[in-house]
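Report on one structure; see the data block that follows.
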Amino acid sequence: MSIYKEKIVPMLPRISEHLKSGGSVSELAGILDITPAELRKCLRQSREFSAAVESSLREYRDSIDNAVEDALFRRAVGFEQPDGKFSPPDVRAAMFWLKNRRPEAWSEKDRDGAGRTVPALSDLEEEL
């Protein structure tokens, strides 16, 4: 029986759980009780396994990105803390949010007709 069928297939749910909770691929060999070389071989040979690993990692990264995005938004607009105190909106968080979400309207650099970036007035002032 192959290492994949013997050690990996029965552990697929645990592997997925490990990766979705922020565990690394490099830790998998230890969890599966195989060598890193054997793990790499299984990832190369099994599209199902490599796709499952990629999917779990993508899901973890997406959930973390969503949590950070939510925290940045709450910080930008203000929020009530668990103890009932209100944290007022943070202007820097709002600026960061807008510059990244709506760069065409909030970027500090303008675009000229040819699509090149033109330094903003604040950039020019720093050069003087």
Side-chain angles (χ1 to χ4, degrees):
M1 186 187 283
S2 72
I3 290 174
Y4 176 73
K5 287 182 181 178
E6 180 183 331
K7 296 205 174 191
I8 293 177
V9 171
M11 296 287 285
L12 282 174
R14 181 158 183 233
I15 291 168
S16 178
E17 183 181 310
H18 169 76
L19 295 171
K20 287 177 185 179
S21 68
S24 70
V25 175
S26 61
E27 296 168 336
L28 286 180
I31 291 170
L32 298 168
D33 197 29
I34 60 176
T35 67
E38 291 170 323
L39 177 61
R40 285 190 297 277
K41 182 178 177 183
C42 289
L43 284 166
R44 280 192 309 272
Q45 291 178 344
S46 172
R47 287 182 191 233
E48 175 190 16
F49 181 45
S50 61
V53 167
E54 284 180 35
S55 175
S56 295
L57 289 171
R58 188 173 26 260
E59 189 173 323
Y60 169 70
R61 290 180 187 131
D62 287 348
S63 70
I64 295 301
D65 288 346
N66 290 339
V68 171
E69 184 177 334
D70 181 55
L72 177 61
F73 175 77
R74 290 173 9 102
R75 181 85 187 239
V77 298
F79 63 97
E80 187 173 328
Q81 297 178 14
D83 63 3
K85 293 180 184 174
F86 183 75
S87 287
D90 180 323
V91 173
R92 289 178 65 155
M95 288 174 59
F96 183 80
W97 179 273
L98 291 167
K99 284 179 186 181
N100 284 285
R101 302 281 293 198
R102 295 191 177 168
E104 67 284 347
W106 289 91
S107 175
E108 290 186 18
K109 295 188 180 195
D110 295 323
R111 298 215 174 258
D112 66 7
R116 296 176 297 232
T117 13
V118 179
L121 183 57
S122 60
D123 293 340
L124 296 173
E125 289 172 349
E126 289 176 7
E127 292 179 18
L128 296 176

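Linking Ile, Leu, Val, Met, Phe, Trp and Tyr whenever their side-chain heavy atoms come within less than 4.5 Å leaves F79 and V77 in two separate clusters. M95 and F73 fall into different hydrophobic clusters, defined by Ile, Leu, Val, Met, Phe, Trp and Tyr side-chain heavy atoms under 4.5 Å apart, directly or through other members. If you chain together hydrophobic residues whose side chains sit under 4.5 Å apart, I31 and Y60 never meet in one group.
To the nearest 0.5 Å, atom CG of residue L28 and atom CG of residue L19 are 5.0 Å apart. Atom CZ of R102 is separated from atom CD of E104 by 7.5 Å, given to the nearest 0.5 angstrom. Rounded to the nearest 0.5 angstrom, D90 CG and W97 CH2 are separated by 13.5 Å. Between the CD atom of E69 and the CZ atom of R101 there is a distance of 5.0 Å, given to the nearest 0.5 Å. Rounding to the nearest 0.5 Å gives a distance of 10.0 Å between CG of L39 and CZ of R44. Separating the CG atom in L32 from the CD atom in E6 is a distance of 11.5 Å, to the nearest 0.5 Å.
Not a single donor-acceptor pair under 3.5 Å links the side chain of K20 to the backbone N or O of E59. Within the 3.5 Å criterion, the main-chain N or O of N66 finds no donor-acceptor partner in the side chain of D70.
S56 and S16 make their closest contact through OG-OG, 3.1 Å (heavy atoms, listed as atom of the first residue, atom of the second, distance). When all heavy atoms are compared, the tightest approach of P13 to P10 is CD-O, 4.0 Å. Here the closest non-hydrogen pair linking Y4 and E48 is OH-OE1, 3.0 Å. In terms of heavy-atom proximity, H18 sits nearest to S24 at NE2-O, 3.1 Å.
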Chi angles and distances behind the side-chain contact (heavy atoms from CB on, under 4.5 Å) call for C42, I3
CA-CA 8 Å; C42 289; I3 290 174; 4.1 Å; yes

